[in-house]
Each structure stands twice: as structure tokens, then as C-alpha cells.
Amino acid sequence: MIAESGHYALVLALGLALIQSFVPLIGARLRDPALMNVARSTALAQLLFVGASFVALVTLHVTSDFSVANVYENSHSMKPLIYKITGVWGNHEGSMLLWVSILALFGGLVAAFGNNLPLSLRAHVLAVQAWVASAFYLFILITSNPFLRIANPPIEGRDLNPVLQDVGLAVHPPMLYLGYVGFSISFSFAVAALIEGRIDAAWARWVRPWTLVAWIFLTLGIAMGSYWAYYELGWGGWWFWDPVENASLMPWLAGTALLHSALVMEKRNALKVWTVLLSILTFSLSLLGTFLVRSGVLTSVHAFASDPTRGVFILLILCVFIGGSLSLYAARVSSLKQGGLFAPISREGALVLNNLFLTTACASVLVGTLYPLGLEVLSGEKISVGAPFFNLTFGPLFVPLLIAVPFGPMLAWKRGDLLGAAQRLLAAGILALLALALVWAWAHGGSALAPPAIALAVFVILGAVTDLVERVGMFRVPLGTALRRARGLPRSVWGTAFAHAGLGIALIGIVCETTWNSEYIGTMKPDDVAKVAGYELKLDGLFQRQGPNFREMIARFDVSRDGEALSVMTPSKRSFTTRSSSTTEAALLTRGASQLYISLGDVTAEGAIAVRIYHKPLVLLIWWGPVLMAFGGVLSLSDRRLRVGAPKPARAQQRLQPAE
Amino acid sequence: MTLWFVFALMTVAAIFAVLWPLGRAGRGQSGGSEVAVYKDQLAEIERDLAAGLIAAPEAEAARIEIGRRLLAAAGSESAPDGSEPALGGRSSPNTSNLKWRRAAAVLALVGLPLVAILVYVPLGSPRLHDFPLAQRDRAPGMQQSLETMVAQVEQHLEKNPTDGRGWNVLAPVLERLGRYDEAVRAYRNSLNYNGESAERRSDLGEALLAAAGGVVTAEAKAEFERARTLNAEEPKANYFLGLAAEQDGRKDDAAAIWRGVLAKAPPDAPWRALVQSSLARVGGGSAAPALSDDTIAAAKDMSEGDRGAMIRGMVERLANRLKQNGDDVDGWLRLVRAYVVMGERDKARGALGDAREAVANDAERLRQLNEGLKNLGLDG
């Protein structure tokens, strides 16, 4: 009864979405508040039913009801409870249900908290939201139904892909989907604005926080996914330029651009048309990401979701929504009001520059991701576009962007003073050069590009600090006043500083990890000692252990440095009987921001074991950076002030005086 | 019935979600107009100024900026051409709106249940109950207890890895559970600690073969050959060496080996039938369909013609018996095989059809039949 009720709830949600798709639109045309309000109650009811459906599927997984095909194929009665729950979205059908659940959640949030929106705008937004929802409900019900039953249920399930039996699965997909799907709100707002033919202040005020929420989740989701791949796949790599990773990076790049242009729009009422286009593009890239991952057109690290029959359906959804919204944009864009003029050297100008670089970077990733697919379709030749391509295209685009990052917040709205900003950043620049010299002197070997890259990162971080220092007047006013001012600073300013500093911190991590990574790869017998980056790792022995649904072989390593015992590391290999496959569980030892990383290979006939030991200097900074960015986002989100960016005429001159 | 009741309740709730706002008609809403946002912004600037967050000249500049936008917004909202009229006056809806509202209500009342039924019925299985594992009377944990026992033995062996007897016990159980790789390891250990023996070598070979999905790999073959050097009569090793020959395409060699095995086999050996059917598969040796050992023993002393007649008689008897009682899957398989061996393919095909018809109502027997046919190489 739970299974069938869940199934029926999903069908009802489809029915409600269909009604929500056009009744509010008719209402908006007739200016009838009752018909427009249908959007709100149906959106809330949809959330209720999809939520019930999702809860039903979770319950079925938890109770191991193998009469449901989805549970039989992806669960096992011996699996620990947490993996029974996370296994719900560890498979194609369940993850699509999570996708629509989150879509319904966002629709419900707009419905519940959208009271200050103009009624017709809300009706349009929710109707567009319902179009997307209907398409995906149909997709789920027709091609990927998680509630299909087996008449003679087997007694035991086939278990979840062992690689996915990890806490990472509990966090990564929900975060990522909250990000992906969150951009549907700005998409719906953009399409609604195009249908209505106007973009007003309420529009801008609403789009930015929603975009920010989606961006925060996407940032955390990507970082989490990267860390998961780092410790679970056993290669110590944290970014593979894998198409599935690119699929999440592209909406992130476009979303970052959108975030900044929405800021301009909210504060200065400018860049409206561009913001609308970016909203459409960002969600289109999210859909593309869903298509790439879920249709199975790729065979990659994430190859566990492949079924060619579904591809056509998603492709259809993709074409209708991207093609439709872009055509609508082309048809209606001229009717939108332009507003807010600004000089090229200004905060707006800086943000436009940021947008240009981000969208170009996004385009380069798009080309690198889709080109191999296109080539395979056209000529049948299978190539892979890997790190070299992306390093050559993505890298050069990001360098000028990073140089520009500290300048942006320093410039005033409408017309800025580049020279003044440069003077204020002088200290940061000098310190960055100092860092360059230090790194050059200290570092042995490695790429010649590494020290300049670190200097750039230092410049970005110090630039963010300089911005704060300038704003509170540190070193110019008494400390007490400065601290009081710091408390009084808008939280969005703090948010900007944290997010920009996070960028620099992640860059330091990336450069250090890729340049000064040291490794030991070989076979070890018990009591053998491996020396990596000054650490001595002695293999104590190999042990067997029985887990709930796997057996694991554990290797014990004693880690010491300069004869002083530090810790014990226990990497392991787990073999899962049901799927007859195995996973490597790497052992990590964190020292500051650096990590020692051990993963096991196969046991040889002589009882020796293949091991890979890496020392990764400052590797954790790669993920602390994004976390800091997300924290900045949260700060900025918590700043609920109405924003208006007025030009500040007197400021630049004031700043110039002490320099003389 | 409860299920349909739940469905009905859910449908009513969904319909209510559509009807509710329609019933609260006329309640206008004024929030969120553009002017309101700008007014909020102006108030915000006053607050910031009072709190000392922004300086007076900046506040003034911002005020001017917002004022400019406010004027523009107010201008367009009160535009006489009516392109942006304020929404939701308290005036009662006009008749055309009422018509649309009724249409929406009808849509909810009729369309929603209709769509739900049309989509659900072909997809759902309303007659199936839930089968949560806890409520199922499992075949009293047979598999379960076996697994725990295996785990116990494994734990014991971890502490005493030189206990040859333990490995001996564990290995076949692992093999039966389908954990072939571990079975191979267990047999290797058994050989290490119990010493060489032809049986153990053949068992190891068999596990290797199972791990390779039924293919006699070079590794497995080496084990069988070692077993044969230890004991040339070892039937298992010989049987699988025959299988290796068959898989290499040397059917005559395979038949020769198997014939040798049969010749030396004790009459009551349980694996006789297996070797015989293998022999029949490669079409080796005697034309006799491997009906039963007695038949063959009896046929040995007959002349060619008598033997043929006897076989034909037996096959006919079998066919008659099966016509009366079609439940005997093995019987059907024997009959089909006999016809094939006798070269009467049409009759074989007829028997096959009869067999399918006879067991069609019983899924388990049908599966056995199909599997048997697959082994005969007569699939479909």
C-alpha cells in the first residue's frame, strides 16, 4: 500500500502540475486573482504529494520491500540503515524523484513566501515552474518509474553499487540537486519576465537571493563531490575534467556570472537583458548536466547511470526548454526596458568583465565536454578531451579574471577610479610579489608557473582583506572605532570578502597539490618501510574483517617522522559479495592542511601488497576555499537589506589625500 | 479496498487544492508592486543613515537615485493606456472571468481524477500488497544461517590459518555460495596444509572453472592434469579434461576420454548420467541415446538390428507414457535427446512442442525444461 500510494501521489502531482501550467496563465491574461492564486495552492499541494511520494520510496528502501523493482535492484537487507536511505537517490529512478522533489520544494517556497511578489509575476513564475515539473513527472512515470513492482518478489536485493556506499552519497547529490534545481527559480522568473514583457524592481530583488541559494548549494555540492572522488576512487585525484564533473561546473560558472549580474541589476537597475539571458543559460546548463548524467551518453566515472532509451526523452525536454526559452528571449527582448547607464571603469564595468570571463570559461568547458560527443556521433571516433585542453583554455581565462577580482569591490558604482583602486591594492600587490620571491627561493623543482600562480592567489586573498581594511579604516582610525565599524559593515561586504578570499585559498591548494605532490608506488611486504616526503610508513600487517555486507582486508601502517611515531593508518579493500566487486578505502592522515594518502592495490602471490602512498601538501585548501565561498554566500544571503547602489561622488578624492 | 479509499482521499485533497483559491474569489492583493519596493528602499536608507552606516552625502545620492526610479515606476503604473493597471481591485469579477473559473473548477473535478486514473492504471499494480522484508516468512533463514556459519569458520581460520581440515570444510561451501574466488583460495590453502591429493587438485580445478564462468582455463586445466598425474583414474579430473577437449573443439578426444571414464566407472556412480549426457552432446561413440544404464548394458550384447529395434521400442514406450503424464521433465528431455541422436529431427521438434504444451502451466517445470534444452544445444 505504501508503494502504490507513493506511485499514485506522483501521478496526482503530475495532474496538479498540468493544471498549474496553464490555469494561472489564463488568470494572468484575464487579471483574475482567483485563477492566478490557483498557482499557489497547486504548487503547495504538488510539494505535498511529491514529498509523500519521496517519503514512500524511502520507506520502501528502509523496509527492504523487494516487491518494488527499484528496491530490489539497488538495495540489500544487510545494508546499514544510512545506505538504505541514501541508496534511494543512488540510482537513476530515485535520483530523478529527488530532482522533482527539490523542484517542487522550490516551487512551494515561492508559493509560500512570495506574498510580496506582484500577483501576475508569481502566477507566471509558478506556471513556468510547473512546465518544467510536468515534463519531468512524465519522464519519471514513463521511462524511469521507481514504483514498478515485481509480482514474485525475490528474497534478497542486488545491493547498491559499492562505490556509492559512502557518506558522500548522503550529502553530494542532494546538495548538487539543490543547486541545479535552484537555478530553475531564476529561469522561471526570467521566462515569466519575458512573457509579461517587463522586469521591475521586485523581479531583481527576488532573483538574487534565489540564485545565491542555488549557488551556495552548488558550490558545496561540487566541492563535496570532488572530495568524495578524492578519497573514494583511490587515485588521489580530485578533479578529472570528467564530463559529469564539467556538467556541474558549467552551471556553476554561469551561475556565478548570474549572481554578479543580478547584483548589478538589483543595485543599479542595469544589465537587465543580460541577466535574463544568463538566467536562461544557467538553468539550460543545469538541464544539460542532468541530460549528460542521466541519459547515459557518457561512459565515465559516473557511468552507473546508463540507459539509452531514456536519452531521447531528456533530449526532447532539453530541446523544448532551451529552444523555447531562447526563442522567447529573441522575440521579447526588445520590449524590455533598458536602464542604468554606467562608465566602463566602474563597479558595473568590473562585473561585466567578470561576466565575460566567466561565460567564456564556461563556453570553453562546454566545447571540451560536447566536442568528443559530437565527434563520436558524426564519425564514430571516440576521443577524450582531458586536462591538457582545459588547462590551456580554462587556465588563461581565469588568470586575468583573478587579477581583476580584487579591483571589483574597490571600484565605485556608476563611475570608478581605477588608479585609486590600484593604489589601495598596492600593498597587496607588493606582498604578493614578496610571496612570489619566497616561494621561488624555497621551492625545489616543479612547474615554473607555480610560484606566479601562488603569488596571484595571495594577491586575491590580500585584495579581499584590503577591501575590508579600507572600509573599516583600519590603521587610520583608532582600533576601537575600526572594530565598531567592522561590526557595522553590511554582511554582504563580509560575504564578498570571504567568497573572493576563498577563491585564492582554493587556488593555493590546487597549485601546491599539483606541483609538490610526492608519491610512492610499489609493493610492500609486512615490515617494509616506505619513505614519502619525510614520513616513514611501516607496513605492520594485513588483516581481514567482516563488515555488514562486505569483507574487508585492512593494512596497518605505522606512520612516523624523524623517528617519532605519529599515527596509525589503516587503508582497506572491501569486497562486496552480492555485486562481486570491490572498493578501495583510502586512509587519510591530515597534518595541518596537508594530507598523507594511502590506497591499496592487489595482493600478489607472495603475500606482498601493491600500495600507492601520496603526500599532498596543502591539499585541503582546495576544499576549504569553496567552503569559505559558500560561507560568504550565506553571509550575503543573511543580509536582507534592500540594496541600492548609489554613486559615491566624494569618496575617491578623500582617499587620494593621505597618499600625497 | 483501503487502497482505493486512500487514493480517493488523496484525489479529493488534490481537487481541493485547485478549488480552494477559486472559492475565495475577489480577494485582491496589493503587495509587491514596484512602487512599494522603492518605498521600502527609501526607508532603508533613512535607517542606515540613522545608524551611521552610510554618510550623509551617500544617502543623499542614493535617495536621488531611488527617487528617479520611483518616479519612473509610478509614471508607468498610472499610465492611462492601461498597460500596467494595478492588480486585484475589489470589484467583483466580470462574467467572462466567472466562466473561466467554472471551467477551472470543472477541470479540477473531472480532469484531475481522469488524468490520474489514465496514467496510474496502466503503470500501477494496485493488487500487489507491500512485501517489507520483516513481514515475509522467509525460508527459515537457510541462506542466512549458512552465511553466518561461513563467517564463523572464516574467523576461526583467520586465527588458525594452518587448520587444513577447516579449509577443507569451507571450500565446497564457498563454492556453493557462488564465492568462487574465495573458494579457490580455500582449496589452495587446503592443498598447502593437507598435502597433495588428486581429489583436492580436481576440486581446485573445478573452482577455477566456476570462477571463470564454466570455461576450462589453462590454469584449471593444469590442475586437472596434475590430479591425473597423481591418480590417472581420478574421474573428476578426467571428466573436466574431456570438457576442456570439447571446449577446444576436439570432440573426438572428448568422447574418447569420457568413454574411458564410463568404462572404469562403478555402476552406481552418481555422476554417470552427467558423463553420459556429455558424451551424447558431442555425439561421440554409441548411437544409443543415453536412456539408462540398464538399457545400454542390455543393448551391449545385441546385434545391430536388434539393438535398433529395442531402442525404438523403448523410445515409443517413453513417448506413450509422457502422453499420459506430461509432468516428467526429465522424461521429455530424454525423449527429445533420443530423437536427436536417432537423427529424427522432425520427431524431436514435435516432442519438444508437446513437452512445452504439457508443462506450460507450471513455470518451474518450464524453466527446467528450457534449461535442459539449452544444455542439449537445442535452444528454441
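Throughout, protein chains are lettered first and strands after them, A, B, ... in sequence-line order, and every chain is numbered starting at 1. For clarity, every value in this text was computed on a predicted model and none was experimentally measured. Excluded from the calculations below are hydrogen atoms, water molecules and symmetry mates; all remaining heavy atoms, backbone and side chain alike, are included.
If you tally non-hydrogen atom pairs under 4.5 Å between each of B:A43, B:A13, B:P113, B:P126 and chain A, the highest count goes to B:P126. Your options are A:G15, A:A45, A:A151, A:S67, and the one with the most heavy-atom pairs under 4.5 Å with chain B is A:S67. Between chain A and the residues B:L112, B:L123, B:I64, the largest count of heavy-atom pairs under 4.5 Å involves B:L123. By number of non-hydrogen pairs under 4.5 angstrom with chain B, the leading residue of A:Q46, A:Q544, A:Q20 is A:Q544. Each of A:L48, A:L60, A:V38, A:V62 has some count of heavy-atom pairs under 4.5 Å with chain B, and the biggest count is that of A:V38. Ranked by heavy-atom pairs shorter than 4.5 Å toward chain A, the options B:V18, B:L114, B:D181, B:V6 are led by B:V18.
Contact annotation for A:I26: only side-chain heavy atoms (C-beta onward) come within less than 4.5 Å of a heavy atom of chain B. Proximity to chain A is absent for every atom of B:R127, based on heavy atoms less than 4.5 angstrom apart. Only the side chain of A:F49 comes within contact range of chain B, with at least one heavy atom under 4.5 Å from a heavy atom of that chain. In this structure, chain B has a heavy atom under 4.5 Å from the side chain of A:Q546, while its backbone stays farther away. Contacts between A:V23 and chain B at a heavy-atom distance below 4.5 Å involve the side chain alone, from C-beta outward. Heavy atoms of A:I150 lying under 4.5 Å from chain B belong exclusively to its backbone. Neither the backbone nor the side chain of A:A39 comes within contact range of chain B; no heavy atoms are under 4.5 Å apart. Contact of B:E60 with chain A is not made at all, since no heavy-atom distance falls under 4.5 Å.
Shortest non-hydrogen contact noted between A:L12 and B:A116 is CD2-CB, 4.0 Å. Of all heavy-atom pairs spanning A:S5 and B:L3, the tightest one is OG-CD1, 4.0 Å. Scanning all heavy atoms of the two residues, the minimum distance from B:P21 to A:A34 falls at O-CB, 3.8 Å. The shortest non-hydrogen separation linking B:L133 to A:S77 is CD2-CB, 3.1 Å.
Counting heavy atoms from C-beta outward, A:L30 and B:W100 have side chains that approach closer than 4.5 Å. For the pair A:F22/B:L107, a side-chain contact is recorded, criterion being any heavy-atom separation below 4.5 Å from C-beta on.
Rounding to the nearest 0.5 Å places OH of A:Y72 at 15.5 Å from CZ of B:F131. If you take CG on B:L22 and CG on A:D32, they are separated by 8.0 Å, rounding to the nearest 0.5 Å. Note: A:R40 CZ to B:W20 CH2 = 6.5 Å, rounded to the nearest 0.5 Å.
Checked by atom type and distance alone, the side chain of B:D130 pairs as donor or acceptor with a backbone atom of A:I2 at under 3.5 Å. In terms of modelled atom types and a separation under 3.5 Å, the side chain of A:R149 and the main chain of B:H129 share a donor-acceptor contact.
Between B:F7 and A:Y8, the ring planes are parallel. Angles under 30° get that label, and only those over 60° would be called perpendicular.
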